[in-house]
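Residue numbers start from 1 in every chain, and the chains themselves are labelled A, B, ... in the order their sequence lines are given, proteins ahead of strands.
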Protein chains: 2
Amino acid sequence: MVQYSQTHFDASFAALSDATRRGVLEQLGRSDASITELAEKFHMTLTGMKKHVNVLERAGLVTTEKVGRVRNCRLGRSRLEEEMAWIERYRQLWSARFDALDMVVEELKQKETSNGRNKAE
Amino acid sequence: MVQYSQTHFDASFAALSDATRRGVLEQLGRSDASITELAEKFHMTLTGMKKHVNVLERAGLVTTEKVGRVRNCRLGRSRLEEEMAWIERYRQLWSARFDALDMVVEELKQKETSNGRNKAE
DNA sequence: TGAATACTGAACCATATGGTTCAATATGGC
DNA sequence: GCCATATTGAACCATATGGTTCAGTATTCA
């Protein structure tokens, strides 16, 4: 079984599973921001936003740098390549699975109509 | 701000954030399975596996059907299209953001200094 | 120096998650 | 009918999550 880096996937998908954090990523896609700015934009305390940023940072989706008293947040190094690849692979499995089902259904239909007595499973 | 269906994203990304559940999806991509079969494959109690299947089902990634005393699990209708689209959009933001900054220049400079003669690429 | 700003850490809270055990229920086969 | 199989629900447990408040600490600026 292909293993990838399971804990890495855990972290990045979990990071994406929260609407606020997805919002933060979109925001940082437009411009870098401080904790204060993000907290205001998402109507949350500084401490609350800091936790979200920590989660995003641990997932590699955001990097931060403290400049003076301000922590500047920006998009991180992760471009979600592996996550995309995983989903793409899942989609291929999905397609294969349902193509196979379609074929089976089709075959059963043909057998049914062309051969009344054969009960083989 | 584009909204998509936030709670839908929450559910599907959260579903993908667990290694066991990703494994179940891969397994179901190969063949349908009962709760018992999945529980054995992933060394877990029936009840535990049932919970995972519930999570996947709520996220639309798996559908199940009770046939006699066996619950058959198969891949569901969701092909993660919207999730792929969200990630793709994020990747575009990411690219735009870093094209705008001189991070690329930064990288080139580092390459140049660490690799004296090669100036191209 | 001293006040305002920006963040951070600790502690707390309610709820969710990932797992278990145990007891019940429903079904299949003899 | 009886027994084994397959699932399910309730209850429990430990830990994680998403948020808060409050009390610091570090930095900026007048």
Handout entry: Nearest-Å distance for atom pair CZ/P, residues A/Phe42 and D/dG19
Key = 11 Å
Practice task
Compare the minimum distances between each of C/dG19, C/dT8, D/dG18 and the side chain of A/Asp18, then state the nucleotide with the smallest one.
Solution key: D/dG18
Practice task
Please determine, for the side chain of B/Lys51, which listed nucleotide (C/dT20, C/dG19, C/dG18) has the closest atom?
Solution key: C/dG19
Problem - Atom-to-atom span, NE2 of A/His43 to P of D/dT20 - whole angstrom - result: 12 Å
Problem - Length of the CZ-P vector between A/Phe13 and C/dG18, whole Å - result: 15 Å
Practice task
Decide whether A/Val62 and A/Phe9 are clustered together by the hydrophobic rule: side chain heavy atoms of Ile, Leu, Val, Met, Phe, Trp, Tyr closer than 4.5 Å, transitively.
Solution key: yes
Exercise for the section: State whether the side chain of A/Arg58 and the backbone N or O of A/Ser12 hold a donor-acceptor pair below 3.5 Å, judged by distance alone. Expected result: no
Fill in the blank from the handout: note: A/Glu37, atom CD; C/dT5, atom P; distance rounded to Å ~ 15 Å
Practice task
Ignoring hydrogens and angles, tell me if any N or O in the side chain of A/Arg74 forms a donor-acceptor pair with the backbone of A/Asp32 under 3.5 Å.
Solution key: no
Problem - B/Lys50 side-chain N/O to D/dT8 phosphate OP1/OP2 under 4.0 Å - result: yes
Practice task
Quickly work out the A/Leu56 CG to D/dT17 P distance and round it to whole Å.
Solution key: 13 Å
Handout entry: B/Thr45 side-chain proximity, nearest of D/dT8, D/dG18, C/dT21
Key = C/dT21
Problem - Modelled atom types, side-chain donor and acceptor of A/Glu57 and A/Thr64, under 3.5 Å - result: yes
Exercise for the section: May I ask you to decide if A/Glu37's main-chain N or O and A/Glu40's side chain share a donor-acceptor pair within less than 3.5 Å? Expected result: no
Handout entry: Among C/dT8, D/dT20, C/dG19, the one nearest B/His52 by side-chain distance
Key = C/dG19
Handout entry: Interface with DNA chain D, restricted to residues 59-72 of chain B and to heavy atoms under 4.0 Å
Key = B/Lys66, B/Arg69, B/Val70, B/Arg71
Exercise for the section: Would you confirm whether B/Trp86, through its side chain, and A/Leu16, through its main-chain N or O, come within 3.5 Å as a donor-acceptor pair? Expected result: no
Practice task
Take atom CG of B/Leu46 and atom P of D/dG9, then tell me their distance rounded to the nearest Å.
Solution key: 13 Å
Handout entry: Value in whole Å for how far the C1' atom of D/dA26 lies from CD1 of A/Ile35
Key = 15 Å
Exercise for the section: Kindly say whether, by distance alone, the side chain of A/Thr47 makes a donor-acceptor pair under 3.5 Å with the base of C/dG9? Expected result: yes
Fill in the blank from the handout: Rounded to whole Å, CZ of A/Arg21 lies from C1' of D/dG19 at a distance of 12 Å
Problem - Test item: B/Leu61 and B/Leu75 side chains (from C-beta on) under 4.5 Å apart, heavy atoms - result: no
